[in-house]
K.L.:
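One structure follows; several queries about it will come next.
A, B, ... follow the sequence lines: proteins, then strands. Residue 1 opens every chain. Just so you know, these numbers use all the heavy atoms, side chains as well, and skip hydrogens, waters and symmetry mates.
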Protein chains: 2
Amino acid sequence: MERDENQMTESMQAPQTLSDLQNAITERYSELSKRLRQVARYLIDHPGDIAFGTVTVIAQDAGVHPSTLVRFANAFGYSGFSEMQTLFQQNLLRESPSYTERIRIARETLGDPGSQSPDQLLGEFIHADTLALQSLQSHIPAEVLNEAIDILANAEATQIIGVRRSFVPAAYFAYALRHIERRAYLIDNVGAMHKEQAGTIQKNDAVLAISFRPYASETDEAVRIAHERGVPIIVITDSRLSPLAKLASVVFTLPDSEVHGFRSLTPTLCLAQSLSIGLAYRVDKNRSMDGNPA
Amino acid sequence: MERDENQMTESMQAPQTLSDLQNAITERYSELSKRLRQVARYLIDHPGDIAFGTVTVIAQDAGVHPSTLVRFANAFGYSGFSEMQTLFQQNLLRESPSYTERIRIARETLGDPGSQSPDQLLGEFIHADTLALQSLQSHIPAEVLNEAIDILANAEATQIIGVRRSFVPAAYFAYALRHIERRAYLIDNVGAMHKEQAGTIQKNDAVLAISFRPYASETDEAVRIAHERGVPIIVITDSRLSPLAKLASVVFTLPDSEVHGFRSLTPTLCLAQSLSIGLAYRVDKNRSMDGNPA
DNA sequence: ACCAAAATGGAATGAATTTTCCAGAATTGC
DNA sequence: GCAATTCTGGAAAATTCATTCCATTTTGGT
């Protein structure tokens, strides 16, 4: 067996993921020099500390000289310490709730926006929507979902508000709730009568409002009316700083994924689905517990 | 009560944890200037993206000047942006381990219908939508996309038809097309006047019809009228055997993903986005080729 | 113990990044 | 509607940082 291949100094290509690197380190640990072993141990044992921090700080913590870190990175095929460091950062990002960073990276690797074929465009939207969906889960705490479903389950009817872009998920909510035989009223502002429509909100209703930047005054007004009447309010919006958030009983803040200037409604609709079906199950369960096993 | 204390400029001491900072931001949000609010929103809504990246990059993503970030940090008592940034890093380090675990658990329990928590349900829908999106790309040939965009680009106005479930993507189309300054009419059947609405379809319009099983007669009728008048028709449906398919100039057939009896609209909306933005680019290109470089 | 080769840490260089400063723009108060 | 104040963004300055280079030390072999 030819052992020369294993000598890898600068020639071989560097590991591209953190786990690859960790494997490589473990494998080559014995052939490293004293100081490099020290670095190796530190990298393996404290991966979290590598992501941030400067060479100087990390070197101090690891008890070595900064240049040793650079040499270590070189020994594993990287152009410098910084290049190796990105692996640790990416790893942290992958585990973290953040995803716009990944979109940014993906966008960079996808080349210039603008003169693209519709086909590529479709691919980009699919990609962006997928990422947005993935991050959705981490943005929606289970308790909030449960509270929202509680409110909907206890309400006699649900009044749904959403205009312009948010009209789309609002319409979906109305469709879905009616589908599972819940009373749902869509405040659709037909005939510019949203105030009149909002006027019909009653004590034992629930209000479901959807509003994203730029926040529409129509939605705001309707929610305000509901708030005055002490009606429980579920808000789906994009930020805790949204004007609706402070009036709400329950707030969902959704990450907005923007590609080519168009924000995706996919997370909102997915949430809408989940709320509706979750409600359906809840209502079903309540019914059977009420002594009606059908 | 002495309110002076609240004026805090440089004098007060800066929040030492991320949640403290977030609270402080929420509290003082209203008294911030326009740009600082922009920063505030970005910090609240994208905490994960602050941790890495340089001021320059973050400033770009937030749409502000780098110095604004520094000013913001100063306004909250930090010596500079970097000092504030460390809060976000610490937070990321603390949060990271749970996330992948959650997804794994959610995925494992997938397929166990019935008594599920809404949280698990959400995970299922996310998963289903993701799969549906993935398969979308292979179901949409590039030529069909191009033809559809051709039709939309040449049309004077677009008439959009979709009822019930399909009303949701139809409404989205109407919104998106108007957003890119195309004339779009949504045949929404208000006042049960879909026939009258369809009657306004003209020779150089285009028709965009969305219909899934069970196919709605309203959509069918409208498309039939359009077909008689020789108007180009784009159809989004679930099968090439759909009654609309044979009248269409271009047909998109979408795979339907069904979870808990609810079909997902996500692929339809993703397609809608792609068509709209693809159209926007096409129109832009045509305009500049017509000698109007703006 | 001596020589050659490798390894190490200090200092310097050069690049990148954060911060400060300032002039013009926008906003507010009168 | 004007003046004063605040806000903004460009550019330069200052700082920090990663990397390279080199002299010194250490290691391993004879």
Side-chain angles (χ1 to χ4, degrees), chain A residues 3-4 6-11 14 21 25 28-43 49-90 101 104-105 108, chain B residues 4 6-11 14 21 25 28-43 49-89:
Chain A
R3 277 276 139 192
D4 264 317
N6 229 3
Q7 286 302 97
M8 57 171 159
T9 44
E10 336 270 299
S11 55
L21 173 60
I25 291 176
R28 289 181 52 193
Y29 182 72
S30 55
E31 51 179 272
L32 295 174
S33 75
K34 192 176 132 208
R35 282 290 190 257
L36 293 192
R37 284 186 194 191
Q38 218 174 317
V39 174
R41 264 203 303 276
Y42 191 79
L43 293 197
D49 298 336
I50 314 298
F52 309 103
T54 69
V55 263
T56 317
V57 174
I58 297 170
Q60 266 178 10
D61 290 354
V64 299
H65 194 269
S67 31
T68 309
L69 287 181
V70 178
R71 263 196 294 275
F72 184 93
N74 289 334
F76 281 83
Y78 303 97
S79 68
F81 177 76
S82 306
E83 190 182 326
M84 188 175 76
Q85 190 180 32
T86 60
L87 296 190
F88 290 84
Q89 295 178 342
Q90 279 167 17
E101 180 72 5
R104 202 177 56 73
I105 291 167
E108 277 169 8
Chain B
D4 265 317
N6 228 1
Q7 287 302 95
M8 57 172 160
T9 43
E10 335 272 298
S11 56
L21 174 60
I25 291 176
R28 289 182 51 196
Y29 181 72
S30 55
E31 53 178 270
L32 295 174
S33 74
K34 192 174 135 211
R35 281 289 189 259
L36 293 192
R37 283 186 195 192
Q38 217 174 319
V39 174
R41 269 203 302 274
Y42 191 79
L43 294 196
D49 297 331
I50 316 297
F52 306 100
T54 69
V55 263
T56 317
V57 173
I58 297 170
Q60 266 179 9
D61 289 353
V64 301
H65 195 268
S67 33
T68 310
L69 286 181
V70 178
R71 264 195 295 273
F72 184 92
N74 288 333
F76 280 83
Y78 302 98
S79 68
F81 176 77
S82 308
E83 191 182 327
M84 187 175 77
Q85 190 180 31
T86 60
L87 297 190
F88 289 84
Q89 297 177 340

K.L.:
With a 4.0 Å cutoff (strictly under), does any side-chain N or O of A/Ser82 reach OP1 or OP2 of D/dC17?
P.N.:
no
K.L.:
Using every non-hydrogen atom in the two residues, find where A/Leu32 and A/Ala40 come nearest and quote the distance to one decimal.
P.N.:
CD1-CB, 4.0 Å
K.L.:
What is the distance from CZ of A/Arg37 to P of C/dA7, rounded to the nearest Å?
P.N.:
12 Å
K.L.:
Do B/Phe52 and A/Thr86 come close enough that some side-chain heavy atom pair is under 4.5 Å?
P.N.:
no
K.L.:
Specify the separation, in whole Å, of atom CG of B/Asn74 and atom P of C/dT18.
P.N.:
14 Å
K.L.:
Considering only heavy atoms from C-beta outward, does the side chain of B/Ile50 approach that of B/Phe81 to under 4.5 Å?
P.N.:
yes
K.L.:
Rounded to the nearest angstrom, tell me the gap between atom CD in A/Glu83 and atom C1' in D/dC17.
P.N.:
17 Å
K.L.:
Working to the nearest 0.5 Å, report the span between CZ of B/Phe72 and CD1 of B/Ile25.
P.N.:
4.0 Å
K.L.:
Is there a side-chain contact between B/Tyr78 and B/Gln85 (heavy atoms, below 4.5 Å)?
P.N.:
no
K.L.:
Please give, in whole Å, the distance from D/dC17 C1' to A/Leu69 CG?
P.N.:
13 Å
K.L.:
In whole angstrom, what separates A/Gln38's CD from D/dT26's C1'?
P.N.:
15 Å
K.L.:
Hey, which sits more toward the 5' end of DNA chain C by its nearest nucleotide, B/Lys34 or A/Leu32?
P.N.:
A/Leu32
K.L.:
Only pairs under 3.5 Å count here: list side-chain donor-acceptor contacts from residues 55-65 of chain A, not counting sequence neighbours, and write none if there are none.
P.N.:
unit_1  : atom_1 : unit_2  : atom_2 : d
A/His65 : ND1    : A/Ser67 : N      : 3.1
A/His65 : ND1    : A/Ser67 : OG     : 2.5

K.L.:
Let me know the distance between CD of B/Glu31 and P of D/dC7, rounded to the nearest Å.
P.N.:
11 Å
K.L.:
Does any residue of residues 54-63 of chain A have a heavy atom under 4.0 Å from DNA chain D, and if so, which ones, in number order?
P.N.:
A/Thr54, A/Val55, A/Thr56
K.L.:
Could you check if a side-chain atom of B/Gln38 sits within less than 4.5 angstrom of a side-chain atom of B/Arg41, using non-hydrogen atoms only?
P.N.:
yes
K.L.:
Rounded to the nearest angstrom, tell me the gap between atom NE2 in B/His65 and atom C1' in C/dT19.
P.N.:
12 Å
K.L.:
How many Å lie between CD on B/Gln85 and P on C/dT17, as a whole number?
P.N.:
12 Å
K.L.:
Looking at five pairs on each end of the helix from C/dA1-D/dT30 to C/dC30-D/dG1, what is the angle between the two axes, given to 10 degrees?
P.N.:
40°
K.L.:
Please report the closest heavy-atom contact between A/Leu21 and A/Met84, naming both atoms and the distance.
P.N.:
CD2-CG, 3.8 Å
K.L.:
Which part of the nucleic acid does A/Ser67 contact within heavy-atom distance under 4.0 Å: base, sugar-phosphate only, or nothing?
P.N.:
base
K.L.:
Examine C/dT8: is either OP1 or OP2 under 4.0 Å from a nitrogen or oxygen in the side chain of A/Arg71? Give yes or no.
P.N.:
no
K.L.:
Between A/Gln89 and B/Gly53, is there a donor-acceptor pair closer than 3.5 Å when you use the side chain of the first and the backbone of the second?
P.N.:
no
